[in-house]
Amino acid sequence: MKTYLVTGGAGFIGSNFIHYMFEKYDNDIRIINVDALTYAGNLENLKGVDTRDNYTFVKADITDKDAIEKIFAENDIDYVVHFAAESHVDRSIKNPEVFVSTNVYGTAVMLNSAMKAWSLEDGTFREGKKFLHVSTDEVYGSLSEPGTYFYETTPYSPHSPYSASKASSDMLVKAYMDTYKFPANITNCSNNYGPYQFPEKLIPLVINNALNGKKLPVYGDGKNVRDWLYVRDHAKAIDMVINKGRLFETYNVGGHNEKQNIEIVTIIIDTLLEMLDDNDPRKANISRDLITYVEDRKGHDRRYAIAPDKIKSEIGWEPETMFAEGIKLTIKWYFEHEDWMKNVTSGDYQKYYEDMYAGK
Ligand code: NAD
Ligand code: DAU
């Protein structure tokens, strides 16, 4: 039985990954979820798996070397799946330091702890071990021309403090692979959407605001392009890279689904109107009049688009969920989890929203 150490498993993608893995492998795997439970971590995301005998939650910060080394000392970890990070670009613009601490130093602690646990006396590593570093397409910078794409060979050119910290963490993983032949893979994925996403990100924020008849803030001219991938497809890609990815390789993961932000917002409005009952009181407040163009994000990258050719040809992964289907599944999930949304938007979220959108 393989033991997975998942970091950041109480966040959006990490929790979707854990659900996916237990649905697929049931009792044939063991997962230890290490999460500091920052504002983005929520144990409610793990309802249903948290009672399993083959699941363990450990509240720990990845920058806490002693706590992380203890987990490796007490468990024979086969795979590390490293999601834990500060993940929101807007927050990184306001407060970069924690991004450096968690994303760069935290990754160094994870790498060192795994290296220590997996090393053999001759400088090689125990058979079958792997560290999968989950990263982002934002490390490649920004594209302008339609028809151009990010490949694994595209030079790094991060612009935001968030993407700079993720690029730094990728470089550390690459350095460990080059220097020590440390067994790892890196995945660089495009924008995810789906259940359990915290409503600071565009899609859940727009769903939540529209349902509450609140303005829908669109940065700049609304024509920035992102390449959206349904989160379950990302979870599947990670599982496949762990099992089939060639060691030391990077794989780009993307949705073949480029959309301007304004398109996303209008699709959400139209889909909500289609899915809500006519007698639902929330329906009357939803229209395109809610769209409000606000001050642009500083240094806002214009366009991201991933070429997922390598992961398709080498591993056989490709995106399966069409956006029209994925957005309905996502909206349906938020309809069915009103309490989840109420819980995450109470308290600190209100303050975050007021500060972030003040004057916008
Ligand atoms: P998220 O913000 O929803 O979750 C991050 C999780 O990490 C939270 O549970 C949080 O509590 C935990 N965490 C934060 N700091 C920690 C620390 N110091 N120690 C331990 N745990 C800590 O993020 P997400 O959107 O699920 O992203 C997960 C990973 O995937 C990140 O590495 C991100 O860079 C990457 N990624 C995200 C996307 C996307 O569209 N969301 C796309 C590509 C790659
Ligand atoms: O590309 C992968 C990245 O996608 C991940 O690495 C990040 O962790 C993840 O947060 C996401 O980054 P983005 O900045 O692209 O996601 P966000 O949802 O914040 O914004 C998507 C686009 O929508 C972006 O162009 C900014 C815009 N936007 C966002 C918000 C929150 C708005 O126009 N209005 C908003 O209120």
Side-chain angles (χ1 to χ4, degrees), residues 6-17 33-43 45-46 58-64 67-68 81-93 98-99 101-103 105-107 109-110 133-140 142 150 158 160 162-163 165-166 169-170 187-194 196-206 209 215-229 231 234 238 253-255 259-262 264-265 291-297 300-306 353 356-357 360:
V6 173
T7 69
F12 164 50
I13 308 176
S15 60
N16 276 283
F17 175 75
N33 173 15
V34 179
D35 198 300
L37 299 183
T38 68
Y39 78 93
N42 183 354
L43 290 179
N45 298 359
L46 294 149
V58 181
K59 184 173 184 301
D61 194 307
I62 56 165
T63 62
D64 181 345
I68 299 301
V81 191
H82 179 36
F83 292 101
E86 287 291 333
S87 68
H88 193 39
V89 174
D90 292 326
R91 286 184 194 255
S92 82
I93 294 166
V98 67
F99 285 72
S101 169
T102 289
N103 299 2
Y105 180 64
T107 299
V109 169
M110 291 307 304
H133 178 62
V134 181
S135 192
T136 170
D137 59 359
E138 299 201 10
V139 297
Y140 296 121
S142 183
F150 296 137
S160 72
Y162 163 71
S163 53
S165 69
K166 291 297 291 188
S169 64
D170 292 13
T187 52
N188 293 93
C189 187
S190 63
N191 285 60
N192 285 215
Y193 69 101
Y196 303 111
Q197 189 168 29
F198 191 79
E200 63 188 350
K201 308 283 166 45
L202 180 69
I203 287 183
L205 186 143
V206 167
N209 280 17
K215 289 186 203 167
L216 309 178
V218 174
Y219 297 166
D221 65 2
K223 292 187 177 156
N224 298 65
V225 171
R226 298 291 182 265
D227 170 5
W228 294 93
L229 178 71
V231 63
H234 188 189
I238 290 171
V253 184
K259 297 225 180 306
Q260 291 185 344
N261 295 334
I262 189 65
I264 294 288
V265 176
I291 295 172
T292 311
Y293 287 92
V294 299
E295 186 191 333
D296 208 352
R297 175 184 278 174
H300 198 176
D301 285 340
R302 192 62 172 168
R303 172 174 165 258
Y304 303 143
I306 276 279
Y353 196 90
M356 190 60 76
Y357 293 90
K360 284 193 175 173

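Whatever order the structure lists ligands and atoms in, that order sets their numbers, starting from 1. For this chain, numbers begin at 1 and follow the sequence in order.
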(message) Could you work out, with side chain to side chain donor-acceptor pair (under 3.5 Å) as the rule, every residue matching Arg302, not counting sequence neighbours?
(response) Asp221, Asn224
(message) Please state which option from Arg297, Arg226, Lys259, Arg302 has its nearest heavy atom closest to atom 20 (O) of ligand 2.
(response) Arg297
(message) Only heavy atoms of Glu200, strictly under 4.0 Å: list the atoms of ligand 2 that pass.
(response) 31 (C)
(message) Between Asp227 (side chain only) and Gly255 (backbone N and O only), is there a donor and an acceptor less than 3.5 Å apart?
(response) yes
(request) If you have a sec, work out which protein heavy atom is nearest atom 36 (O) of ligand 2 and how many Å separate them, to one decimal? (result) Tyr357 OH, 2.7 Å
(message) If the test is side-chain contact (heavy atoms from CB on, under 4.5 Å), which one of Asn261, Leu202, Val294 qualifies with Tyr219?
(response) Val294
N/O pairs closer than 3.5 Å, ligand 1 and protein:
{"residue": "ligand 1", "atom": "2 (O)", "partner": "Ser87", "partner atom": "OG", "Å": "2.7"}
{"residue": "ligand 1", "atom": "3 (O)", "partner": "Phe12", "partner atom": "N", "Å": "3.0"}
{"residue": "ligand 1", "atom": "9 (O)", "partner": "Gly11", "partner atom": "N", "Å": "2.9"}
{"residue": "ligand 1", "atom": "9 (O)", "partner": "Asp35", "partner atom": "OD1", "Å": "3.3"}
{"residue": "ligand 1", "atom": "9 (O)", "partner": "Asp35", "partner atom": "OD2", "Å": "2.5"}
{"residue": "ligand 1", "atom": "11 (O)", "partner": "Asp35", "partner atom": "OD1", "Å": "2.5"}
{"residue": "ligand 1", "atom": "11 (O)", "partner": "Thr38", "partner atom": "N", "Å": "3.0"}
{"residue": "ligand 1", "atom": "11 (O)", "partner": "Thr38", "partner atom": "OG1", "Å": "3.1"}
{"residue": "ligand 1", "atom": "11 (O)", "partner": "Gly41", "partner atom": "N", "Å": "3.4"}
{"residue": "ligand 1", "atom": "18 (N)", "partner": "Asp61", "partner atom": "OD1", "Å": "2.9"}
{"residue": "ligand 1", "atom": "18 (N)", "partner": "Thr102", "partner atom": "OG1", "Å": "3.1"}
{"residue": "ligand 1", "atom": "19 (N)", "partner": "Ile62", "partner atom": "N", "Å": "2.9"}
{"residue": "ligand 1", "atom": "21 (N)", "partner": "Ala36", "partner atom": "N", "Å": "3.1"}
{"residue": "ligand 1", "atom": "23 (O)", "partner": "Ser87", "partner atom": "OG", "Å": "3.3"}
{"residue": "ligand 1", "atom": "26 (O)", "partner": "Phe12", "partner atom": "N", "Å": "3.3"}
{"residue": "ligand 1", "atom": "26 (O)", "partner": "Ile13", "partner atom": "N", "Å": "2.8"}
{"residue": "ligand 1", "atom": "32 (O)", "partner": "Phe83", "partner atom": "O", "Å": "2.8"}
{"residue": "ligand 1", "atom": "32 (O)", "partner": "Lys166", "partner atom": "NZ", "Å": "2.6"}
{"residue": "ligand 1", "atom": "34 (O)", "partner": "Tyr162", "partner atom": "OH", "Å": "2.6"}
{"residue": "ligand 1", "atom": "34 (O)", "partner": "Lys166", "partner atom": "NZ", "Å": "3.1"}
{"residue": "ligand 1", "atom": "40 (O)", "partner": "Asn192", "partner atom": "N", "Å": "2.8"}

(request) Please identify which atoms of ligand 2 are closer than 4.0 Å to at least one heavy atom of His300. (result) 24 (C), 25 (O), 26 (C)
(request) Under 4.0 Å from a heavy atom of Tyr162: give me the atoms of ligand 2 that qualify, with their elements. (result) 5 (C), 6 (O), 7 (C), 8 (O)
(message) Polar contacts were defined as any N/O atom of the residue lying under 3.5 Å from an N/O atom of the ligand; does this apply to Asn191 and ligand 2?
(response) yes
(request) Only counting residues at least two apart or in another chain, list the ones meeting salt bridge (Lys or Arg N to Asp or Glu O under 4.0 Å) with Asp170. (result) none
(request) Please identify which atoms of ligand 2 are closer than 4.0 Å to at least one heavy atom of Thr136. (result) 1 (O), 2 (C), 3 (C), 5 (C), 6 (O)
(message) Below 3.5 Å, N or O to N or O, backbone or side chain included: is there any such pair between Asn224 and ligand 2?
(response) no
(request) Please check if any side-chain donor atom of Glu200 sits under 3.5 Å from a side-chain acceptor atom of Tyr39, or the reverse. (result) yes
(message) So for ligand 2, is Tyr219 a polar contact partner (N or O within less than 3.5 Å, distance only)?
(response) yes
(request) Would you indicate whether the side-chain heavy atoms of His88 and Tyr162 approach each other to under 4.5 Å? (result) no
(request) Side-chain contact test, heavy atoms from C-beta onward, threshold under 4.5 Å: evaluate it for Tyr196 versus Leu46 and give yes or no. (result) no
(request) Working to the nearest 0.5 Å, report the span between CG of Asn16 and CG of Asn45. (result) 8.0 Å
(message) If I apply the N/O under 3.5 Å rule, does Ile203 come out as touching ligand 2?
(response) no
(message) Just verifying a value: how many Å separate His300 NE2 and Ser160 OG, rounded to the nearest 0.5 Å?
(response) 10.0 Å
(request) Taking all non-hydrogen atoms of both residues into account, name the closest pair between Leu229 and Cys189 and its distance. (result) CD2-SG, 3.6 Å
(message) With heavy-atom distances below 4.5 Å as the criterion, would you say the side chains of Phe198 and Phe12 are in contact?
(response) no
(message) One pair to check against salt bridge (charged side-chain N to carboxylate O under 4.0 Å, His left out): Asp90 and Arg297. What are the steps and the verdict?
(response) CA-CA 7 Å; Asp90 292 326; Arg297 175 184 278 174; 2.6 Å; yes
(message) I want to know if ligand 2 touches Glu138 in the polar sense, i.e. an N/O pair below 3.5 angstrom.
(response) yes
(request) Could you find the nearest protein heavy atom to atom 21 (C) of ligand 2 and give me its residue, atom name and distance? (result) Leu202 CB, 3.9 Å
(message) Any non-hydrogen side-chain atom of Asn188 less than 4.5 Å from a side-chain atom of Glu138?
(response) no
(request) Mark up the atoms of ligand 2 that fall under 4.0 Å of a heavy atom belonging to Pro217, in ascending order. (result) 32 (C), 33 (O), 34 (N), 35 (C), 36 (O)
(request) For His88, counting its heavy atoms only, list the atoms of ligand 2 lying under 4.0 Å from any of them. (result) 19 (O)
(message) Is there a polar contact between ligand 2 and Ser87, counting only N or O atoms under 3.5 Å apart?
(response) yes
(request) With the side chain counted from C-beta on, respond yes when Tyr193 and Val231 share a heavy-atom pair under 4.5 Å apart, and no when they do not. (result) no
(request) Under 4.0 Å, heavy atoms only, figure out whether ligand 2 is touched by the backbone of Val89, its side chain, both or neither. (result) side chain
(message) Using a 3.5 Å cut-off on N or O atoms only, is Asn261 in polar contact with ligand 2?
(response) yes
(message) Counting only nitrogen or oxygen atoms and a 3.5 angstrom limit, does Val218 reach ligand 2?
(response) no
(message) As an exercise, identify every atom of ligand 2 less than 4.0 angstrom from a heavy atom of Tyr304.
(response) 1 (O)
(request) Taking side-chain contact (heavy atoms from CB on, under 4.5 Å) as the test, write out the residues that go with Thr7, two or more places apart. (result) Ile62, His82, Ala84, Met110
(request) Scan side-chain atoms only and decide if Lys201 and Ser87 contain a donor-acceptor pair under the 3.5 Å cut-off. (result) yes
(request) Could you tell me which atoms of ligand 2, counted from 1 in the order shown, lie closer than 4.0 angstrom to a heavy atom of Asp137? (result) 1 (O), 2 (C)
